[in-house]
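None of these values were measured; they are calculated from a predicted model. Quick note on labels: first sequence line is chain A, next is B, and so on, each numbered from 1.
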There are 2 protein chains.
Amino acid sequence: MKAENQALQSAGLRATLPRVRILQMLESIDEERHHLTAEDLYRHLHQAGEDIGLSTVYRVLTQFEQAGLVARHNFDNGHSVFELSSGEEHDHMVCVDTNEIVEFRDPVIERRQHEIAAAHGYDIVGRALVLRVRKRP
Amino acid sequence: MKAENQALQSAGLRATLPRVRILQMLESIDEERHHLTAEDLYRHLHQAGEDIGLSTVYRVLTQFEQAGLVARHNFDNGHSVFELSSGEEHDHMVCVDTNEIVEFRDPVIERRQHEIAAAHGYDIVGRALVLRVRKRP
DNA sequence: TTGGTTGCAAACAATTTGCATAAAT
DNA sequence: ATTTATGCAAATTGTTTGCAACCAA
């Protein structure tokens, strides 16, 4: 309980009950199925008896994103998914059949990205590599 | 003019006037500022005196996408951008300041992507690599 | 106390859909 | 003549916002 308060404080956010509950929920779920949509999270919270408004979930997620606590991804579909940001940047593979998500990192790709950006006179601010994949037969 | 009809026919689409006009517009604009939003296209068409409904633009773009004539991209923002698909797949760099878009291809990255997917038992169906960049000082 | 925060409902933006009309085969 | 496509307006979806009540500092 204190840990979350701490995290929120140092992010410059008041440790309100909704924020703490959302952070806890993200942590408790993050192990298995990360990448929750706002509505997913809202549903989980309600199943857990927490009566938090959907708009609050959105607001808090946005604040967490700005604070660097969570990362927001826009895959092909119309809606955003959120995950606790674990320090290390990574990319994603999304199975078109099962919607399964695999995370990965590859230093070779990352180095090339920087080289390419530099060759055009740019610095990389953020990146998003999403591979749409299908289980091979 | 016949060329567009041809392209539509072989895509299994009737060569209707709105479809032909949209295809022509995409071609005529594609040289400079590709990556149009549906509304962009709609506006361009109206400026050119074509009275085509926005919903038709959306419908036709979706059909073109399914036919492989155009590619749809979902960058971070909420809306989709479309571009004539030029056979060769490529990735994008988007300047966070100017919204400028640079396209690029890199064989090294592509090879690694396939290796990584394969290592997880997947085949790549599609990919989207977007680098958010900023002009270096 | 006091200013940030919440919940609700209404507002929004991007995109889709129902349906009567119009156009292509 | 039949079938598919269009335009318009209304519906949906995902997300944001205004505001009075509320809670943390």
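To the nearest angstrom, C1' of C/dT15 lies 12 Å from CG of B/Asn74. When the P atom of D/dT13 is taken as reference, atom OH of A/Tyr42 falls 16 Å away, rounded to whole Å. B/Leu8 places its CG atom 15 Å from the C1' atom of D/dT6, with the value rounded to the nearest Å. Residue B/Ile52 contributes atom CD1, which lies 15 Å from atom C1' of D/dC8 at whole-angstrom precision. Rounded to whole angstrom, the span from the CD atom of A/Glu39 across to the P atom of D/dT15 amounts to 8 Å. The CG atom of A/Leu61 sits 13 Å away from the C1' atom of D/dG14 (whole-angstrom rounding). Taking atom CD of A/Gln63 as the reference point, atom P of C/dT5 lies 6 Å away to the nearest angstrom. Going from atom NE2 of B/His79 over to atom P of D/dT16 covers 14 Å, rounded to whole Å.
Evaluated for a side-chain hydrogen bond (donor to acceptor under 3.5 Å, both in side chains) with A/Tyr122, the options B/Arg132, B/Arg134, B/Glu100 yield exactly one hit, B/Glu100.
Counting all heavy atoms, side chain and backbone alike, B/Ile109 lies closest to A/Gln113 at CD1-CG, 4.0 Å. B/Leu45 and B/Arg21 make their closest contact through CD2-O, 4.0 Å (heavy atoms, listed as atom of the first residue, atom of the second, distance).
Aromatic ring centres of A/Phe75 and A/His92: separated by under 6.0 Å.
B/Ser80 comes within 4.0 angstrom of the backbone, heavy atoms only, and of no base.
Both A/Tyr58 and B/Gly53 lie close to DNA chain D; mapped to their nearest nucleotides by heavy-atom distance, the more 5′-ward contact belongs to B/Gly53. Residue A/Thr56 is the one, among B/Val81 and A/Thr56, whose nearest nucleotide of DNA chain C lies closer to the 5' end (criterion: closest heavy atom).
Here the side chain of A/Ser85 pairs a donor or acceptor atom with the backbone of A/Leu69 at under 3.5 angstrom.
In the model, A/Glu83 has a side-chain atom that pairs as donor or acceptor with a side-chain atom of A/His90 under 3.5 Å.
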**Item:** Under 4.0 Å protein heavy-atom contacts per nucleotide of nucleotides 17-25 of chain C, with B for base, S for backbone only and - for none
**Value:** BB-----BS
**Request:** Evaluate the criterion side-chain contact (heavy atoms from CB on, under 4.5 Å) for residue pair B/Val133 and A/Ile124; output intermediate values, then yes/no.
**Result:** CA-CA 4 Å; B/Val133 296; A/Ile124 293 183; 4.2 Å; yes
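Comparing C/dG4, C/dT15, D/dT15 by their nearest atom to the side chain of A/Arg19 picks out C/dG4.
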